[in-house]
Amino acid sequence: MPSNNPHSKALNQTNTAGEKQITSLEVLLHRIMNRIRQSLELPAILSITVAEIRGFLETDRVKIYRFDTDGSGEVVAESVDKERLPSLLGQHFPAQDIPSEARELFLLARQRSIVDVGTQQIGLSPAPEADESIELKNDIRFRSVDPCHVEYLTSMGVQSSLVVPILHREQLWGLLVSHHSLPRQITEQELQVVQLVADQLSIAIAQSTLLEQSRLQAQQEATINRVAKLLHSMTQMQVQQALELTVSALQGAGGRICITPQNPAEKAQLFTTGKQPDTKQGGKRGKRGQGGVINSSFSPLEEHPSWREWLRMEATVVEESPVWVVNDLYQAALQSDLAQAFLKSGIRTLLIVRLQYRQQILGYLSIFRNEIDVETIWARRPDRDDERHLSPIKSFEVWRELKRGQVQEWKTTEIELAQALASHFAIAIHQYQLYQQVNALNANLQCDIEERKQAEKKICALNAELEQRVQERTAELRRANRRLLEEINERERALRDRKQTQASLERLSRQSELILNSAGEGIYGLNCQGKITFVNPAAARMLGYGVKELINQFMHEVVKHSKPDGVRYFLEDNPIYATLQNGTVQHVTDDIFYRRDGSKFPVEYVSTPIREQKKIVGAVVIFKDITERQIIERMKDEFVSVVSHELRTPLTSIRSALGLLARGSLNNQPEKSQRMLEIAFDNTNRLVRLINDILDIERINSGKVTMHKQICNVTDLMIQAVDEMRAMAEKAEIQLELTPASVQLWADPDRIIQTITNLLSNAIKFSPPGSTVWLSVELQQEGKVRKADCVEKNKFTTSPTSYLLFQIKDQGRGIPEDKLETIFDRFQQVDASNSRHQGGTGLGLAICRSIVQQHGGKIWAESILGKGSTFYFMLPISQ
């Protein structure tokens with residue numbers, strides 16, 4: 001039965017009310033936590049938190065106060081109820097407003113404070129540890145509040161306050177503060193809820209910090225990828241665009257990259273963007289070229305001795321690291337003139353990274369920052385005469401403090417990003433320099449005789465075809481012009497045909513443009529004054545200009561028209577000027593035109609007058625570059641001269657010997673007659689060998705000799721070659737030593753034996769009696785390339801397959817280093833007189849090279865004067 005005792009009923013009602021209040025607090029706390037966790041953005045979390053706490057405590061103002069590194073702080077979030085208290089959002093407070101002793105208690109003891117201005121009491125409560133319950137540590141101990149603190153709160157219009165510290169990574173991050181304009185008591189349960197919310201804020205701050213770090217890392221990686229894409233492009237290294245992107249990513253006002261030259265004869269490359277130091281040398285400033293490159297006659301800042309000495313003496317960010325950080329040029333030990341060069345341009349902060357690949361210094365990357373103005377909104381004006389602030393605070397009037405000329409210090413993340421970007425610059429520059437070196441080596445490679453002949457035939461055929469096409473298209477253009485004139489006259493006579501005539505005019509104009517644009521020779525037109533009226537792309541390309549750049553220019557001044565000996569024509573002596581004056585058609589060969597860059601080239605041109613109504617109104621000039629033709633003709637002349645000389649020598653000897661015999665001058669001297677016959681016979685043999693060698697090498701190079709390739713045993717080929725040369729070796733008292741290898745080779749056995757015997761014959765001829773000639777072969781596996789194989793231009797740099805390396809080594813007098821390449825050309829001999837005495841034709845090594853190249857191999861020689869020579873040739877093992 002229910003009890004009728006009134007005391008029992010009151011007790012039950014109190015317990016029920018307490019349980020409801022606890023349930024309400026749990027629901028409220030759960031809602032606050034959920035709202036905090038709904039966002040990862042810290043400003044949104046802080047705004048939600050102050051609003052929920054103010055609604056929970058029902059106070060006039062709840063704010064979150066964040067500390068700066070110097071001890072001052074800023075109100076970063078705030079919720080005010082109906083403007084009962086003034087807003088402090090965004091305002092800064094001096095470090096002295098919260099003494100260092102109080103900040104230590106907030107951090108070390110996690111102390112919470114509750115101030116009641118009306119009772120002049122302050123309640124202090126340490127926060128619970130991680131392993132202790134809240135109930136055991138939420139006891140509040142009250143004492144008298146400091147009068148200065150009371151005056152401070154009273155000046156703010158606050159009668160009661162609650163302060164709970166917010167920690168992050170064992171540091172005092174900020175304070176969660178509740179202000180009320182009327183006296184109010186804070187219960188232990190409310191303190192528990194606020195403490196739990198502060199703990200959740202610490203977690204949210206940590207998560208937001210991780211989020212910001214992740215975003216920053218992603219942004220930096222994206223920047224690095226974009227810069228790397230520009231630097232490692234398959235087309236061309238875009239240094240200027242990469243530098244601009246780097247300066248933008250590092251929030252710089254300007255930047256520069258100085259690339260150190262590869263050799264002292266070259267000049268440093270300089271790329272700049274944005275603000276630059278105001279340096280002047282010799283009274284002249286460097287001119288900015290295309291792509292931001294500075295073309296100047298003086299050394300850049302990075303090559304200045306004082307700058308280099310300063311870098312050597314200045315300490316880097318980390319010991320032995322290639323990064324220098326100067327946060328304030330006023331504090332740097334930089335030479336005064338260099339420091340002024342930066343400061344005059346408004347540059348205050350420097351970041352310098354040395355571009356280094358392994359041990360090679362490639363240049364420097366420099367990023368500049370301006371000095372800035374910093375404006376701070378203070379809740380009250382700091383009293384600089386009384387740093388302890390012992391006097392009571394009377395006013396919280398807002399004060400704006402403007403600090404001019406402040407530095408923008410470099411952050412650790414920015415320095416790391418600069419290092420990563422500099423690494424990509426260094427790698428790209430190193431790769432580009434290697435690419436230039438490879439191109440320079442490839443540019444020095446010479447084509448063989450077969451390629452030159454084929455090129456000659458193709459050029460002749462193309463020239464003939466182009467001449468015919470130009471003539472046809474020129475005639476077609478003239479016919480088109482005549483038709484155009486006829487149609488224009490007809491349009492004047494009959495207006496009814498205007499549309500048809502206009503269509504024909506447009507068609508002919510397009511056809512004329514197509515003819516000009518598709519012509520391989522250069523074509524340009526001149527008016528009576530010698531100015532260019534039209535020019536086709538081929539002419540502009542050969543002269544190094546754009547088509548539009550040449551219009552209305554004096555062609556005589558553009559091409560610097562000169563005679564074959566290089567002497568420039570006067571205008572009145574110019575053949576093209578004669579065409580404009582008297583209408584004569586000029587066909588000139590071997591004159592010289594100059595390109596835009598100053599280089600010259602020989603030309604063949606035809607100038608034809610343009611007449612209208614029997615009056616000369618201009619001229620058309622068709623020209624072509626005949627550089628290749630002159631080279632081929634010069635090669636022909638040299639070849640004919642050498643062959644004529646080589647044939648004339650034995651023929652002269654034969655003719656002299658036979659002449660003596662025919663006249664009977666030696667009838668009474670049988671020994672001399674026999675000697676004359678032997679001389680004639682030897683020279684006849686040499687002449688036959690010479691002609692056979694010439695025919696042989698021509699047939700091989702022209703492809704008329706078919707290589708009958710088959711599977712051969714290398715040992716058999718070597719033994720057969722040695723057997724053929726053994727008699728010659730024994731006669732010369734030379735010992736032959738053979739080191740074979742039992743390997744199958746896909747080759748023409750006769751041609752390989754011919755190659756080996758030619759090389760053995762040379763070794764025997766130029767070896768002293770009693771010496772040894774070695775013939776050996778070894779199998780080289782893929783990827784194993786000897787160091788000597790990569791020295792000269794005609795040797796392997798890679799090994800696509802396994803190959804055989806043949807060696808013929810002698811102990812002769814050796815070959816000079818400057819002859820090691822030319823001895824493989826036709827009629828190229830180290831000592832021509834001695835070679836003829838030995839019966840040489842000067843074509844043996846050229847034939848060997850042709851045979852080896854027909855097999856896909858390479859041949860070269862190494863020699864030491866006075867110690868002997870070694871001839872190598874390698875053949876790939878493939879079928």
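When a residue number appears, it is its place in the shown sequence, counting from 1. None of the values given here were measured: they were computed from a predicted structure.
Pairing each heavy atom of P564 with each of D591, the nearest pair is CD-OD1, 3.4 Å. The shortest heavy-atom contact between G522 and A539 is CA-CB, 3.5 Å. Between F623 and V603, the shortest heavy-atom distance links the atoms CD1-CG1, 4.3 Å. Counting all heavy atoms, side chain and backbone alike, A268 lies closest to C258 at CB-SG, 4.0 Å. Taking both residues in full, the closest heavy atoms of A741 and T715 are given as O-OG1, 3.1 Å, listed atom of the first, atom of the second, then distance. Closest heavy-atom contact between T755 and C848: O-SG, 3.8 Å.
In terms of modelled atom types and a separation under 3.5 Å, the side chain of D810 and the main chain of S869 share a donor-acceptor contact. D590 contributes no side-chain N or O that, together with a main-chain N or O of I626, makes up a donor-acceptor pair within less than 3.5 Å. Between the T757 side chain and the I753 main chain, a donor and an acceptor come within less than 3.5 Å of each other. Side chain of H855 to backbone of D748: a donor-acceptor contact under 3.5 angstrom is found.
Counting heavy atoms from C-beta outward, H430 and Q360 have side chains that approach closer than 4.5 Å. Counting only heavy atoms from C-beta outward, the side chains of K560 and K600 never approach each other to under 4.5 Å. Residues L845 and R849 fail the side-chain proximity criterion, which asks for heavy atoms closer than 4.5 Å.
Under the rule for a side chain to side chain contact (heavy atoms under 4.5 Å, CB included), the partners of S562 that lie at least two apart in sequence or sit in another chain are R568, I592, Y594. Applying the side chain to side chain contact (heavy atoms under 4.5 Å, CB included) test to L804 and every residue at least two apart in sequence or in another chain returns V714, V743, L745, V777, L779, F806, I877.
Within the model, atoms CD1 of I815 and CZ of F871 stand 4.0 Å from one another, a figure rounded to the nearest 0.5 Å. Taken to the nearest 0.5 Å, the CE atom of M725 stands 8.0 Å off from the CG atom of L736. For the atom pair CG of L738 and CZ of R726, the computed distance is 8.5 Å after rounding to the nearest 0.5 Å. Annotation: the span from E862 atom CD to E817 atom CD amounts to 10.5 Å, rounded to 0.5 Å. The structure places CG of L462 at 12.0 Å from CD of E628, a figure rounded to the nearest 0.5 Å. Of the inter-residue distances, the one linking Y872 atom OH with L805 atom CG reads 7.5 Å to the nearest 0.5 angstrom.
Counting non-hydrogen atoms of neighbouring residues, nucleotides and ligands closer than 6.0 angstrom, the CZ atom of F601 exceeds 12 such neighbours. Around atom NZ of K809, no more than 12 heavy atoms belonging to other residues, nucleotides or ligands sit under 6.0 Å away.
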Exercise for the section: Could you go through the side chain to side chain contact (heavy atoms under 4.5 Å, CB included) check for M728 and K765 one step at a time? Expected result: CA-CA 9 Å; M728 180 180 179; K765 289 176 182 178; 3.5 Å; yes
Handout entry: CA sep, side-chain torsions, deciding dist, call: I756, F873, side chain to side chain contact (heavy atoms under 4.5 Å, CB included)
Key = CA-CA 10 Å; I756 297 174; F873 70 92; 4.0 Å; yes
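None of R354, Q433, Q356 except one satisfies the side-chain contact (heavy atoms from CB on, under 4.5 Å) rule with L362; the exception is Q433.
Between H561 and Y605, the distance separating the two ring centers is shorter than 6.0 angstrom.
Counted by atom type alone, Q471 and E467 present zero donor-acceptor pairs between their side chains at under 3.5 Å.
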